[in-house]
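For reference, the structure discussed in these notes is given below.
If you read the sequence from its start, that first residue is 1, and numbering goes on from there. Remember, it's 1-based here, ligands and their atoms both numbered in the order they're listed.
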Amino acid sequence: MRVLLATTAFLFASVGAALAEKWDMPLAYPETNFHTENAKAFAACIKEGTKGAIEIVTHANGSLFKGGEIKRAVQTGQAPIGERLLSAHENENALFGFDAVPFLATSYEQSDKLERAARPYLEKLLDKQNLVLLYTVPWPPQGIYTKKPLKTGADMKGVKFRSYNAATARLAELLGAQPVQIEAAELAQALATGVVESFISSGSTGYDIKVWEHLRYWYDTQAWLPRNSVFVNKAAWNGLKPEQQEVFKKCAQEAQARGTAKSKELANWYIEQLRAKGMVVEPASPELAADLKRVGEVMTQDWLARAGEDGKAIIEAYRKL
Ligand code: PCA
């Protein structure tokens, strides 16, 4: 019996060494989206760096957990790692919305600076929620998709508008539109059935969902560059060996640089694709720009009031960079 036990233990030990630990990684956006492709490259980096000990398995398009459920799933350990648009969780803490304050950071360079300023605060906040922040990557600048020409803010009155976070819902309200929160994975369906007829997003998401099948205009308002963030459950993180944690940190740094470069590189390409499919792509008219600026100021003041001292400190640090 003793011999048998010893043999079994040995077998387990050798099988254990050969078997990779599988980490499911829920993602909210489509398989071919650049964030998803970046996450797959990150997974490959982890596999290589840990010599196959940890294998991250990506699940795109909300297939494992829907976008709105991903953060909670990682907090509670139902998934060890995940990617989420954190500004959709501004209801938990205003700081999560730092990257969706209108016209605060409208270029990639500004977006990077804002992220550097916000990062320590974001890390601290996530740490309190049982999460370890790994990397964040911006979406291309946000513009407004519509069915009909949009000349002034008043043209948005009564329009059924898809929102993806509190800021986009607030923007719609202030313009007199009717916001409905819908994940990107359900957006094409919502447009097809007429649940919504307008939304604000990047050329990337418009391209992903073949927006030209439903809408004709995109106004390049350059409102902000929201970010997707990748984070790990703290217990899963603490279960990693120190050298594995170093691999994660290195791969995360590379993923942030690679994803940001890709976003920048593709931003204009997406817009060209929208045009090639027959869409009208224009900058905001001076009237629309002025209306959006006014709304943006209201939203900025409101965010500053809710984000308190930390929010102010982020903006101050950002201005100094
Ligand atoms: N695409 C995502 C968020 C921002 C973007 O460009 C979406 O529309 O859901």
Side-chain angles (χ1 to χ4, degrees), residues 26-39 60-63 65-71 82-90 96-108 111 114-115 136-146 160-172 177 179-192 195-215 218-230 259-260 262-271 273-274 279 281 299:
L27 309 163
Y29 299 93
E31 201 69 63
T32 54
N33 177 269
F34 76 94
H35 286 289
T36 306
E37 282 174 351
N38 195 37
N61 217 27
S63 58
F65 290 98
K66 288 190 188 305
E69 299 166 350
I70 291 173
K71 179 165 171 284
E83 179 190 62
R84 177 62 175 153
L85 183 96
L86 284 177
S87 63
H89 297 277
E90 232 194 289
F96 282 135
F98 79 93
D99 54 344
V101 177
F103 309 114
L104 177 62
T106 57
S107 67
Y108 280 96
S111 167
L114 181 59
E115 193 265 353
T136 78
V137 169
W139 288 92
Q142 305 289 290
I144 302 179
Y145 289 94
T146 56
K160 290 177 276 179
F161 188 90
R162 174 262 178 167
S163 60
Y164 60 72
N165 62 11
T168 49
R170 185 78 182 120
L171 179 84
V180 191
Q181 175 92 12
I182 294 169
E183 287 298 322
E186 275 92 48
L187 182 51
Q189 172 82 355
L191 287 164
V195 171
V196 291
E197 51 189 340
S198 176
F199 63 102
I200 186 167
S201 192
S202 57
S204 174
T205 289
Y207 174 79
D208 284 348
I209 65 155
K210 297 190 169 65
V211 63
W212 50 86
E213 292 180 358
H214 312 285
L215 305 176
W218 188 64
Y219 294 92
D220 193 3
T221 54
Q222 312 257 330
W224 59 76
L225 287 78
R227 284 172 177 270
N228 277 4
S229 299
V230 169
T260 304
K262 199 78 193 160
S263 179
K264 202 168 166 181
E265 175 195 322
L266 287 174
N268 285 328
W269 183 85
Y270 290 127
I271 294 171
Q273 303 313 303
L274 300 183
M279 291 188 71
V281 175
M299 288 173 64

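Although no hydrogens or angles enter the test, the distance criterion places a donor-acceptor pair under 3.5 Å between the side chain of Glu197 and the main chain of Lys160. Remark: side-chain polar atoms of Thr168 are paired, donor with acceptor, to backbone N or O of Asn165 under 3.5 angstrom. Under a 3.5 Å cut-off, the side chain of Gln181 and the backbone N or O of Tyr164 do form a donor-acceptor pair.
Taking a heavy-atom cut-off of under 4.0 Å, ligand 1 is surrounded by Tyr29, Leu85, Trp139, Gln142, Arg162, Tyr164, Ala184, Ser201, Ser202, Thr205, Pro226.
Between Trp218 and Phe199, the ring centre distance reaches or exceeds 6.0 Å. For Tyr29 and Trp139, the gap between ring centers is short of 6.0 Å.
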Report the C-alpha separation of Glu183 and Arg84 in whole Å, then their side-chain angles, then the decisive distance to 0.1 Å, and conclude whether the salt bridge (charged side-chain N to carboxylate O under 4.0 Å, His left out) test is met. CA-CA 11 Å; Glu183 287 298 322; Arg84 177 62 175 153; 3.3 Å; yes
